[in-house]
Amino acid sequence: MKPSTITALLLPCVLSLSLPRQSHKTVRWMPLGDSITDYGCWRAWIYLRLQNDPDLYDSVDLVGGERAGEICDDSEFDRDHEGHPGFPAIQMANEGRVSEWLAMNPADVVTMHLGTVDIVRGKPRTEELLRAYSTLVGQMRGRNPNMRIIVAQIIPLGLSAEKNEQVKELNKAIPAWAASQNTTSSPIWVVDLFTGFDAEVDLYDGIHASSSGIQKIADGFYPALLTAIRYVQGGGGG
């Protein structure tokens, strides 16, 4: 119940301390990917950072059919996601899995880090991976024509120079691909998770992020995610 005008005039200092935080539309965020999305605490660090923002407190709901098992410093965080270890992007696209997952857990925003498994297991052409990306975007928009989509230029691989060159080639092509897929109603943002990521320090096994790498993933995704959330809530991207 809103305070009366008289109360508001008499008790301005009390009201400034006791008013609840501003209510916003709840935004449903689906983290989509392979084991790099499943493992580690980067989703937790983003969630807790959002919870500490007075304008976003309790207004972001992570969605997905998977549940994170990490402790993450005993923090309480929303554990839902769609990170599937060992799942290649091309297979995910061809099997229509994203459409299925979004049917079960609708979303307003999707963050996507995919392509690592494809490269680790084989030598897919960049064009094949981008076609898979396009298919996945189509599946997202098929479930929500106003989907906000954040696509990562993926983190490096420390397995071999050849594998990392494939990562670089894919990442180089992603911005132009994203521009070709971008629409006013369903914008795509590209985040660069490769630059500044040290494979020797920020990976613990040549593939998955160490504690320092996890923080870099969280820091990389956060600004674009914040922009997407504000778009969904009607506040624009400022």
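Just so you know, these numbers come straight off a predicted model, no measurement behind them.
Atom OG1 in T195 sits 8.0 Å away from atom CG in N171 (nearest 0.5 Å). In this structure, the separation between CG on D198 and CD1 on I155 is 12.0 Å, given to the nearest 0.5 Å. Taking CE of M112 as the reference point, atom CD1 of I154 lies at 10.0 Å (rounded to 0.5 Å). The CG atom of L130 sits 9.0 Å away from the CD atom of Q181 when rounded to the nearest 0.5 Å. If you take CG on L170 and OH on Y133, they are separated by 4.5 Å, rounding to the nearest 0.5 Å. Once rounded to the nearest 0.5 Å, the distance linking CG of D38 with NE2 of H208 reads 8.5 Å.
For W42 against A218, the heavy-atom pair with the smallest separation is O-CB, 3.7 Å. The heavy-atom pair separating P124 from Q166 by the smallest distance is CD-NE2, 3.7 Å. Of all non-hydrogen atoms in S210 and V201, the two that sit nearest each other are OG-O, 2.9 Å. Contact detail for P187 and N182: the closest heavy-atom pair is CA-OD1, 3.1 Å. For P106 against A103, the heavy-atom pair with the smallest separation is CD-O, 4.3 Å. Across every non-hydrogen atom of I174 and A152, the tightest pair is CD1-O, 3.6 Å.
Every side chain to side chain donor-acceptor pair (under 3.5 Å) that W177 has, sequence neighbours left out, goes to S134. Qualifying salt bridge (charged side-chain N to carboxylate O under 4.0 Å, His left out) partners for E100, counting only residues two or more places apart in sequence or in other chains: none. When the salt bridge (charged side-chain N to carboxylate O under 4.0 Å, His left out) test is applied to R141, no partner is found at least two apart in sequence or on another chain. Residues forming a salt bridge (charged side-chain N to carboxylate O under 4.0 Å, His left out) with E165 (at least two apart in sequence, or on another chain): K168.
Evaluated for a side-chain contact (heavy atoms from CB on, under 4.5 Å) with I119, the options T126, N164, L157 yield exactly one hit, L157.
Note on L159 and F194: same hydrophobic cluster, where clusters join Ile, Leu, Val, Met, Phe, Trp and Tyr whose side-chain heavy atoms are under 4.5 Å apart, directly or indirectly. Cluster annotation: V190 and M140 are assigned to the same hydrophobic cluster (Ile/Leu/Val/Met/Phe/Trp/Tyr, side-chain heavy-atom contacts under 4.5 Å, transitive). I188 and L225 fall into different hydrophobic clusters, defined by Ile, Leu, Val, Met, Phe, Trp and Tyr side-chain heavy atoms under 4.5 Å apart, directly or through other members. L56 and V63 fall into different hydrophobic clusters, where Ile, Leu, Val, Met, Phe, Trp and Tyr are joined by side-chain heavy atoms under 4.5 Å apart, directly or via other members. Taken together through direct or relayed side-chain contacts under 4.5 Å among Ile, Leu, Val, Met, Phe, Trp and Tyr, L203 and W45 form part of one hydrophobic cluster.
Judged by distance alone, with hydrogens and angles left aside, the side-chain atoms of E66 form no donor-acceptor pair with the main-chain N or O of D80 at under 3.5 Å. No donor-acceptor pair closer than 3.5 Å links the side chain of K163 to the backbone N or O of G158. Side-chain atoms of D118 come within 3.5 Å of backbone N or O of A89 as a donor-acceptor pair.
Residues S212 and D202 have side chains that bring a donor and an acceptor to within less than 3.5 angstrom of each other. Of the N and O atoms on the side chains of T111 and W29, at least one donor lies less than 3.5 Å from an acceptor on the other residue.
When side chains are defined from C-beta on, R43 does not count as touching F221, because their heavy atoms never get closer than 4.5 Å. Two residues are said to be in side-chain contact when any heavy atoms from C-beta on lie closer than 4.5 Å; M92 and L114 meet this criterion. You'll find the side chain of S59 reaches within 4.5 Å of the side chain of Q233, heavy atoms only. The shortest distance between side-chain heavy atoms of M104 and E82 does not fall below 4.5 Å. With contacts defined as side-chain heavy-atom distances shorter than 4.5 Å, the pair N105/M30 qualifies. The shortest side-chain heavy-atom distance between L193 and H113 falls under the 4.5 Å cut-off. You'll find the side chain of I90 reaches within 4.5 Å of the side chain of L129, heavy atoms only. For the pair L226/P223, no side-chain contact is recorded, criterion being any heavy-atom separation below 4.5 Å from C-beta on.
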With a cut-off of 3.5 Å and sequence neighbours excluded, list every side-chain donor-acceptor pair involving residues 142-150.
residue : atom : partner : partner atom : Å
R143    : NE   : S99     : O            : 3.1
R143    : NE   : S99     : OG           : 3.1
R143    : NH2  : S99     : OG           : 3.3
N144    : OD1  : N146    : N            : 2.9
N144    : ND2  : A107    : O            : 3.0
R148    : NH1  : N146    : O            : 2.7

Quiz item: Going through the checks in order, is the salt bridge (charged side-chain N to carboxylate O under 4.0 Å, His left out) test met by R28 and D108?
Solution: CA-CA 5 Å; R28 300 163 298 180; D108 303 296; 3.0 Å; yes
Exercise. Start with the C-alpha gap between Q51 and F77, add the side-chain angles, then the distance that decides, and say whether side chain to side chain contact (heavy atoms under 4.5 Å, CB included) holds.
Key: CA-CA 9 Å; Q51 291 293 292; F77 67 98; over 6 Å; no
Quiz item: Between L50 and I229, does a side chain to side chain contact (heavy atoms under 4.5 Å, CB included) hold up when you go through it step by step?
Solution: CA-CA 10 Å; L50 292 169; I229 289 168; 4.0 Å; yes
Self-check item: Steps toward ring pair (Phe, Tyr, Trp, His ring centres under 6.0 Å) verdict (W101, H81)
Solution: CA-CA 10 Å; W101 297 332; H81 66 91; over 10 Å; no
Self-check item: Criterion side chain to side chain contact (heavy atoms under 4.5 Å, CB included) on V98 and L32, from CA distance to verdict
Solution: CA-CA 9 Å; V98 171; L32 173 68; 3.8 Å; yes
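In summary, the aromatic rings of Y231 and W189 are positioned with their centroids under 6.0 Å apart.
Within 6.0 Å of the CD atom in E200, the count of heavy atoms belonging to other residues, nucleotides or ligands does not exceed 12.
Between E162 and K123, at least one side-chain nitrogen of the basic residue sits less than 4.0 Å from a carboxylate oxygen of the acidic one, meeting the salt-bridge criterion.
For the pair R49 and Y222, the distance from NZ or CZ to the six-membered ring centre is under 6.0 Å and the angle to the ring normal is within 45 degrees.
Within the structure, salt bridge (charged side-chain N to carboxylate O under 4.0 Å, His left out) pairs that include any residue of residues 176-193 do not occur (at least two apart or interchain).
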